[in-house]
Amino acid sequence: MTFDDTKIYAYFTIAMFIVALLFGLPGLYSTFITEPAIESLIYHDNPSSQQLKQAYIMLRKPHIFAGYNRYDEVGAGIEYILKDFDLRVAEKKDFDVNDTMYLELLLERRKQGSDLSIKTMVFFVLLSLLGSIALVIEKTSKNRMKER
């Protein structure tokens with residue numbers, strides 16, 4: 001009994017495409033829906049305390065690649081910002097225009113996560129494309145073998 005290699009290539013192609021969607025959709029949603037909404041709240045003319053608080057709440061729940069639990073040298077101060085802003089939200093304290101600088105930092109980190117998500121999606125789409133090319137090659141070689 002011989003194993004059909006076309007099934008392996010087909011399953012690989014489908015699996016890579018599904019993984020691409022799972023990783024890419026949160027980044028695309030964030031890039032096209034969430035981030036513009038946050039920007040409109042932060043960069044509004046004279047943003048109110050409530051608008052800044054709403055922007056922070058939207059920034060506080062990032063997607064898989066934009067998590068704030070992955071600190072590096074550039075984002076070392078984020079942990080302090082999160083603790084301070086979480087405390088303000090819990091105690092219902094006001095946000096002011098001086099906080100926009102910190103919200104911009106959080107937004108930048110979210111954008112970097114979205115970019116990483118989209119680039120990861122592209123990588124897995126390319127793997128899926130590679131699998132489909134291998135599938136086509138395998139099918140054409142099998143057809144040639146049958147003709148002989």
Side-chain angles (χ1 to χ4, degrees), residues 3-142:
F3 189 76
D4 188 6
D5 289 340
T6 56
K7 287 183 181 179
I8 293 173
Y9 295 129
Y11 292 143
F12 175 82
T13 300
I14 292 167
M16 291 301 103
F17 189 73
I18 290 171
V19 169
L21 288 177
L22 290 175
F23 284 141
L25 290 178
L28 289 171
Y29 184 84
S30 181
T31 298
F32 294 111
I33 306 294
T34 309
E35 291 166 17
I38 293 168
E39 286 175 340
S40 70
L41 292 169
I42 294 173
Y43 300 120
H44 188 269
D45 292 335
N46 290 327
S48 68
S49 174
Q50 188 59 33
Q51 288 172 317
L52 295 175
K53 188 181 291 188
Q54 185 179 358
Y56 173 69
I57 291 169
M58 291 174 76
L59 284 165
R60 188 62 178 103
K61 297 180 182 174
H63 58 82
I64 184 171
F65 284 98
Y68 302 121
N69 58 344
R70 296 170 192 90
Y71 301 111
D72 55 9
E73 293 173 8
V74 177
I78 289 179
E79 187 175 13
Y80 173 75
I81 295 169
L82 294 174
K83 286 179 183 177
D84 180 48
F85 284 1
D86 283 344
L87 187 63
R88 285 196 210 176
V89 169
E91 294 177 356
K92 297 184 171 99
K93 291 185 178 178
D94 289 339
F95 282 65
D96 60 31
V97 177
N98 296 329
D99 295 326
T100 58
M101 173 177 55
Y102 302 111
L103 292 172
E104 288 171 351
L105 176 64
L106 293 174
L107 180 60
E108 183 60 32
R109 294 293 285 195
R110 185 182 182 104
K111 286 181 178 184
Q112 290 171 352
S114 296
D115 289 345
L116 179 59
S117 175
I118 292 167
K119 288 175 183 176
T120 303
M121 179 187 68
V122 169
F123 172 75
F124 281 106
V125 165
L126 291 174
L127 284 178
S128 179
L129 181 62
L130 181 65
S132 58
I133 290 169
L135 178 64
V136 168
I137 291 171
E138 183 67 23
K139 282 190 174 190
T140 56
S141 68
K142 280 192 175 201

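Bear in mind that the values here come from a model prediction, so they are computed numbers and not experimental data.
With T13 contributing its side chain and S132 its backbone, the two residues share a donor-acceptor pair below 3.5 Å. Side-chain atoms of S49 never come within 3.5 Å of backbone atoms of D96 as a donor-acceptor pair (strictly under, hydrogens ignored). Checking side-chain atoms of S114 against main-chain N and O of R110 turns up a donor-acceptor pair under 3.5 Å. Although no hydrogens or angles enter the test, the distance criterion places a donor-acceptor pair under 3.5 Å between the side chain of S141 and the main chain of I137. Looking at S117, its side chain never comes within 3.5 Å of a backbone N or O of G113 through a donor-acceptor pair.
Between R88 and D84 there is a salt bridge, with a side-chain nitrogen of the basic residue lying less than 4.0 Å from a carboxylate oxygen of the acidic one.
Note that the CG atom of D86 and the CD1 atom of I81 stand 11.5 Å from one another [nearest 0.5 Å]. Rounding to the nearest 0.5 angstrom, the gap separating the CD1 atom in I42 from the CG atom in L52 is 7.5 Å. Taking CG of L87 as the reference point, atom NZ of K83 lies at 11.5 Å (rounded to 0.5 Å). From I118, atom CD1 reaches atom CG of L25 across 10.0 Å, with rounding to the nearest 0.5 Å. Atoms CG and CZ, on L82 and R60 in that order, are 4.5 Å from each other to the nearest 0.5 Å. Taking CD of Q50 as the reference point, atom CD of Q54 lies at 7.0 Å (rounded to 0.5 Å).
Using a 4.5 Å heavy-atom threshold, the side chains of E39 and K111 count as touching. In this structure, R109 and L59 have side chains that are not in contact, with every pair of non-hydrogen atoms separated by 4.5 Å or more. For the pair L21 and I18, the minimum side-chain heavy-atom distance is 4.5 Å or more. Here the side chains of L28 and M121 are in contact, with some heavy-atom distance below 4.5 Å. When side chains are defined from C-beta on, L126 does not count as touching F123, because their heavy atoms never get closer than 4.5 Å. Between I38 and L103, every side-chain heavy-atom pair lies at or beyond the 4.5 Å cut-off.
When the options V97, D99, N98 are evaluated for a side-chain contact (heavy atoms from CB on, under 4.5 Å) with F95, the one that passes is D99.
Other residues, nucleotides and ligands contribute at most 12 non-hydrogen atoms within 6.0 Å of the CZ atom of F17. Atom OH of Y43 is surrounded by more than 12 heavy atoms from other residues, nucleotides or ligands within 6.0 Å.
Taking all atoms of both residues into account, the shortest heavy-atom contact from G131 to Y9 is O-CB, 3.9 Å. Taking every heavy atom of both residues into account, L135 and A10 meet most closely at CD1-N, 4.1 Å.
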Would M58 and L41 satisfy side-chain contact (heavy atoms from CB on, under 4.5 Å), going step by step from the backbone distance to the final call?
CA-CA 10 Å; M58 291 174 76; L41 292 169; 3.8 Å; yes
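A distance of 6.0 Å or more separates the ring centres of Y102 and Y56.
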